[in-house]
Amino acid sequence: MSLAEILGRIRAAERQAGRPEGSVKLIAVSKVQPLDRVEAVLAEGHRVFGENYVQEAAAKWPALRERFGLVELHMIGPLQTNKAKAAVELFDAIHTLDRPSLAEKLARLAEARGACPALFLQVNTGEEPQKGGILPAAVDGFIAECRSLGLVLGGLMCIPPEGEDPAPHFADLAGMAERNGLSGLSMGMSADFETAIALGATHVRVGSAIFGARAYGPR
Ligand SMILES: *Cc1c(COP(=O)(O)O)cnc(C)c1O
């Protein structure tokens with residue numbers, strides 16, 4: 001599907017939900033895609049991308065930013081604490097803040113740099129053992145902990161379990177954000193972004209629907 005078609009579907013979903021046009025940001029997820037596909041989407045004018053791996057992003061994006069100008073980069077994959085410094089230097093947003101040790105590291109980096117990427121807390125709404133994210137019962141406490149470290153939080157992020165109806169997970173995430181005064185909701189991927197928009201997503205992360213199937217499995 002083309003970038004224009006995806007953008008058209010996002011705008012239609014906004015309208016259907018009675019939400020203002022442009023209230024949903026499309027993050028084009030370019031992990032492990034061939035460079036020519038990424039360049040084609042840049043050439044069409046898109047400037048917001050998501051990556052899962054710090055090393056892959058660091059190898060790819062500085063040169064692309066030189067050629068194409070300002071690009072907003074979102075880190076959407078699990079972030080190891082020892083890669084946090086490289087991540088804050090490269091990314092405009094991190095969607096996978098999911099544990100106290102990473103929050104402490106990001107707070108120290110923010111203080112040293114006088115700047116911090118936008119931060120989303122990842123919530124493991126399906127309570128899946130193999131998946132990253134704060135458990136739902138611990139979310140309010142972790143948000144308070146992050147705030148006491150001086151971190152400014154932009155919102156919450158989730159990846160619903162495969163093969164399940166994502167709608168209850170999106171609704172749960174929206175409820176957690178609302179009761180904690182957070183406006184950002186990073187939810188919805190190729191298969192379910194319209195459902196996510198109906199339930200309040202502000203950021204959708206769409207990969208294969210824009211770029212085609214990935215050569216190897218990322219998750
Ligand atoms: C890969 C990935 C996406 C994009 O998935 P598609 O199904 O290709 O749209 C979105 N979010 C996260 C966290 C991912 O790892």
Side-chain angles (χ1 to χ4, degrees), residues 1-10 13 24-35 37-38 40-41 44 46 48-58 60-61 71-80 83-84 87 90-99 102 117-134 154-167 169-170 172-174 177 184-219:
M1 206 166 288
S2 71
L3 173 69
E5 279 174 277
I6 297 293
L7 285 169
R9 284 171 58 185
I10 289 173
V24 179
K25 184 174 274 196
L26 171 63
I27 301 172
V29 178
S30 48
K31 61 172 175 226
V32 312
Q33 293 289 354
L35 200 57
R37 290 192 196 161
V38 180
V41 172
E44 285 182 81
H46 197 67
V48 184
F49 290 82
E51 290 282 347
N52 284 59
Y53 312 99
V54 174
Q55 244 165 319
E56 181 191 348
K60 184 156 73 180
W61 282 102
V71 173
E72 188 178 305
L73 273 189
H74 294 250
M75 173 60 179
I76 63 168
L79 181 55
Q80 292 169 261
K83 301 233 171 81
L90 184 64
F91 289 98
D92 301 292
I94 294 172
H95 292 236
T96 47
L97 172 51
D98 66 352
R99 59 193 188 278
L102 184 56
L119 297 176
F120 291 77
L121 300 193
Q122 184 177 352
V123 183
N124 188 352
T125 56
E127 309 197 20
E128 297 172 278
Q130 83 285 8
K131 204 168 263 178
I134 293 281
L156 302 180
M157 176 272 216
C158 75
I159 309 169
E162 291 215 29
E164 264 185 44
D165 177 5
H169 296 273
F170 295 155
D172 282 354
L173 197 73
L185 283 172
S186 168
M187 57 191 198
M189 318 203 311
S190 290
D192 55 22
F193 66 88
E194 284 142 325
T195 305
I197 290 169
L199 291 164
T202 58
H203 295 66
V204 293
R205 311 177 309 266
V206 180
S208 43
I210 298 174
F211 295 104
R214 284 178 290 274
Y216 53 94
R219 295 184 291 133

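Every number for a ligand or one of its atoms is a count from 1 in the order of the listing.
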Among [options], closest by any non-hydrogen atom to [atom]:
| atom | options | result |
| --- | --- | --- |
| atom 2 (C) of ligand 1 | Met189, Arg205, Lys31, Glu51 | Lys31 |
| atom 12 (C) of ligand 1 | Asp192, Ile6, Ile76, Val29 | Ile76 |
| atom 7 (O) of ligand 1 | Gly132, Ala209, Ser208 | Ser208 |

Next on the checklist: I want to know whether Phe120 and His74 have ring centres closer than 6.0 Å.
Outcome noted: no
Item to check | Value rounded to 0.5 Å, distance of OG in Ser208 from CD in Gln33 | outcome: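 The OG atom of Ser208 sits 8.0 Å away from the CD atom of Gln33.
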Numbering as shown, the atoms of ligand 1 that approach [X] to under 4.0 Å (heavy-atom distance):
| X | result |
| --- | --- |
| Ile159 | 13 (C) |
| Asn52 | 14 (C), 15 (O) |
| Val206 | 9 (O) |
| Gly207 | 4 (C), 6 (P), 8 (O), 9 (O) |

Checklist entry - Would you call the rings of Phe49 and Trp61 parallel, tilted or perpendicular if under 30° counts as parallel and over 60° as perpendicular? => result tilted
Checklist entry - Does Glu194 pair with Arg9 as a salt bridge, N-O distance under 4.0 Å? => result yes
Checklist entry - Is it true that a side-chain atom of Ser190 and a backbone atom of Ala209 form a donor plus acceptor pair closer than 3.5 Å? => result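 Judged by distance alone, yes, a pair lies under 3.5 Å.
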Checklist entry - Within the distance-only criterion (no hydrogens, no angle test), does the side chain of Arg214 pair as donor or acceptor with the backbone N or O of Val32 below 3.5 angstrom? => result no
Checklist entry - Heavy atom of His95 under 4.0 Å from ligand 1? => result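 No, that is not the case, since the closest heavy atom of the residue is not under 4.0 Å from the ligand.
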